[in-house]
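Data first, discussion second: the structure below is written as structure tokens.
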Amino acid sequence: MKNDKQQKTPFQSYTRRGFLSTSLKVGAAAFTTGLLPKLKANANCQYNVLFFIVDDLRPLLGCYGHSEMHTPNIDRLAQRGTLFNRAYCQNPLCHPSRTSILTGLRPNTTGVFSNSAGFRENLPNAVTLPQHFKISGYHTQSIGKVAQNLERQDDAYSWSVPSWTQPSSYDNRSSVSSWQALDVEDDELRDGRTAKRAIEVLEEIQNNRFFLAVGFRKPHLPFYAPRKYYELYNDVSFNLPSSSDLPNYAPSITDGNFKGFRDFQDIPDEGTLSEAKTLELIRAYAASTSFTDAQVGHVLNHLDLLRLTENTVIVLVGDHGFHLGEHGKWLKNTLFEVSVRSPLIVSVPGQPHQGVKTDALAELVDIYPTLCEACQISIPSQLEGISMMPIIEEPARMWKTAAFSQKGRSTGNSIRTEQYRYTEWGNSGRNGIELYNYHADPNETTNIANLPENKELVAQLSERLHAGWQAALPDVSEQVSAPQTLPWDINNDGIVDVQDLILVSNSFGMETPEHPKADVNKDGNVDIIDLLYIASHLGESCIASASPASVSQEHVDSISEWLTEAYQVDDGSDVFRRGIANLEALFNTGTPKKTTLLPNFPNPFNPETWIPYDLARDTDVNIEIYNLKGEIIRKLNMGFQTAGTYRSKTKAVHWDGFNSAGEPVASGVYFYSLNTGKVKAIRRMTILK
């Protein structure tokens with residue numbers, strides 16, 4: 001165990017005047033050390049580090065509740081680490097964000113607000129994350145895009161050997177499309193070669209203590225990936241953005257433009273994109289994400305092969321978020337949630353809680369001190385982040401009260417709390433202000449900053465914004481306090497589980513719910529939306545030994561009803577998608593007592609429907625569609641299936657409303673049968689066109 005008092009690394013004098021106030025910043029990361037028992041380290045008390053950074057990756061991943069995404073390798077990493085639901089970049093642009101990550105300093109200190117600036121001009125003596133590990137005796141090496149470009153990345157102070165990267169292949173965007181499914185192998189593309197080189201380097205450095213940074217460029221535009229990753233989504237239906245317009249009453253400065261995006265030959269020079277084009281690009285983004293996931297998997301598999309996984313801290317992070325048509329925008333560089341929220345997964349050998357998701361507010365500037373503490377090397381006192389190890393060791397503990405992001409030095413400054421985002425444009429908001437309540441408005445549809453009833457709230461949030469990141473740090477005295485009560489834990493038993501869902505469901509429509517916490521979004525109504533908020537946090541606990549309650553058949557029937565209603569209100573937001581995915585996952589926790597054919601949904605339908613059923617045992621499954629004459633018009637052979645419930649959209653049998661000849665069938669009454677060998681059941685359905 002380390003001593004409570006941390007060692008300090010000698011730093012040379014900084015040239016930037018802002019560092020004269022370093023003593024006022026308290027060494028933000030340092031005070032967490034010693035508050036909790038430390039994880040068991042290796043014989044030398046220092047782990048290796050494998051650091052993945054991915055360009056333009058938003059939390060559109062299976063492990064973030066998006067069951068439509070095929071990201072098994074990143075999901076596997078999340079299962080052995082800690083997933084941060086609320087991790088925010090300090091600037092939603094590649095170079096400023098990566099600079100903050102690599103220096104542990106915020107944009108106002110680095111002076112980097114664009115992709116062309118460099119931090120060494122302002123802070124020539126700054127010690128970067130890999131540089132600090134190099135000083136501490138590590139071999140440090142970078143593969144792929146870690147900094148913005150090779151000139152910025154190949155920092156002689158940071159790396160033990162020159163960086164390995166490749167130039168862009170598509171400099172003239174006007175001659176290429178924004179996406180393309182290519183008939184190539186993975187290693188014929190840049191990220192495939194990056195993974196291949198990373199594997200070679202692991203072979204070379206396996207007997208050293210190492211800090212290996214691996215940067216992947218996809219899903220950055222253009223969305224070019226091997227065809228097999230596009231084919232993963234041939235039968236997947238993506239949702240359009242919940243809103244393709246700017247929020248109501250948003251200041252005009254948020255409008256921005258499509259700079260860089262409209263350069264591609266298939267993107268119109270002006271106007272909004274059609275729904276078809278939007279869905280086309282979302283699918284292309286998903287395919288590019290799956291391509292990168294596969295490359296991450298290749299490297300992780302080789303780490304396993306070399307038996308290095310149990311001695312390596314692994315981090316995966318996106319440098320910022322990415323718009324896929326939300327608010328009518330594409331790319332990044334806005335201060336909306338989808339642009340500044342990043343995926344962040346940290347896996348530390350021997351961590352007490354694996355596969356845990358935490359809602360603790362985290363910032364990408366926190367990665368530097370976290371890796372230092374995880375590897376038990378000194379944490380530089382000049383850093384402007386805080387180690388997240390206490391959260392990794394105790395996911396439900398009280399933590400930061402806010403996260404901070406910005407554009408330019410004073411173009412726009414934003415604060416994200418547990419419930420709100422407040423943004424000021426220009427000095428003290430002279431160019432406009434924004435306020436969004438995510439409990440009531442998760443998709444930022446309406447700016448409520450100028451409502452009279454929010455005047456006091458705006459003043460409070462403005463004060464917190466100007467107080468800065470230091471004022472949002474967790475208080476040392478809070479670290480030893482009793483576990484917090486989770487807002488999603490309706491019955492306060494320490495875990496969010498099916499019992500909490502039932503309590504909310506029982507209060508549907510009641511003016512005065514039996515449990516006051518049942519109105520989760522505080523809109524005065526208890527309805528399916530409140531239940532989805534609870535569902536999106538299933539499994540979270542403030543009791544280390546807690547385990548979710550078992551799901552009975554009675555529960556399964558209730559979940560089926562909840563899902564039917566949830567599908568109707570699904571607006572595509574992360575909360576809804578995660579909640580629905582968790583509800584669907586509950587179906588797999590038990591085996592039905594009997595095989596049953598259930599009502600199709602929707603019914604009547606047009607043009608497609610889902611046919612749900614339960615299987616009490618493993619069997620072959622066939623669904624047949626009949627007309628009123630008893631003629632079979634379509635057979636849907638599902639093959640061998642294991643016992644379980646098949647009621648959700650992702651598992652129920654899908655019928656597109658076409659007969660076996662590929663023709664759409666007419667309106668009317670039809671029948672469908674379930675055939676499992678020993679069981680045959682028939683139900684009625686209606687098509688209404």
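Each residue takes its place number in the sequence, starting with 1.
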Got a salt bridge between [X] and [Y], using NZ or NE/NH1/NH2 to carboxylate O under 4.0 Å?
X: Arg58; Y: Glu326; value: yes
X: Asp656; Y: Arg634; value: yes
X: Asp304; Y: Arg76; value: yes
X: Lys228; Y: Asp186; value: yes

* Determine, step by step, whether Ser347 and Thr82 satisfy the side chain to side chain contact (heavy atoms under 4.5 Å, CB included) criterion, reporting the C-alpha distance in whole Å, the side-chain angles of both residues, the deciding distance to 0.1 Å, and the verdict. => CA-CA 6 Å; Ser347 173; Thr82 300; over 6 Å; no

Is a donor from one side chain sitting under 3.5 angstrom from an acceptor on the other, for [X] and [Y]?
X: Asn492; Y: Lys517; result: yes
X: Asn600; Y: Thr609; result: yes
X: Tyr229; Y: Glu231; result: no
X: Glu280; Y: Tyr285; result: no
X: Asn234; Y: Arg283; result: yes

Is the gap between the ring centers of [X] and [Y] under 6.0 Å?
X: Trp610; Y: His654; value: yes
X: Phe291; Y: Phe216; value: no
X: Phe605; Y: Trp655; value: yes

* **Passing candidate, side-chain contact (heavy atoms from CB on, under 4.5 Å) with Phe238, options Leu324, Leu279, Leu281** => Leu279

* Asked: Trp488 pairs by side-chain contact (heavy atoms from CB on, under 4.5 Å) with which of Asp359, Asp500, Asp530?
  ->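 Of the listed options, the one satisfying the test is Asp359.
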
* Charged tip of Lys332 within 45° of Phe322 ring normal and under 6.0 Å -> no

* Asked: Distance under 6.0 Å and angle within 45° of the ring axis: does Lys329 meet both against Phe336?
  ->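 Verdict for Phe336: no cation-pi partner in Lys329.
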
* Counting only heavy atoms not in Glu514, do more than 12 fall under 6.0 Å of its CD? -> no

* Report, as yes or no, whether the 6.0 Å neighbourhood of atom CD on Glu608 holds more than 12 heavy atoms from other residues, nucleotides or ligands. =>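 Yes, the 6.0 Å shell around CD holds more than 12 heavy atoms from other groups.
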
* Any side-chain heavy atom of Asp570 sitting closer than 4.5 Å to one from Asn239? -> yes

* Asked: Which heavy atom of Leu57 sits nearest a heavy atom of Pro343, and at what distance?
  -> O-CD, 3.0 Å

* **Criterion side-chain hydrogen bond (donor to acceptor under 3.5 Å, both in side chains) on Asn675 and Ser673, from CA distance to verdict** => CA-CA 6 Å; Asn675 304 284; Ser673 67; 3.2 Å; yes

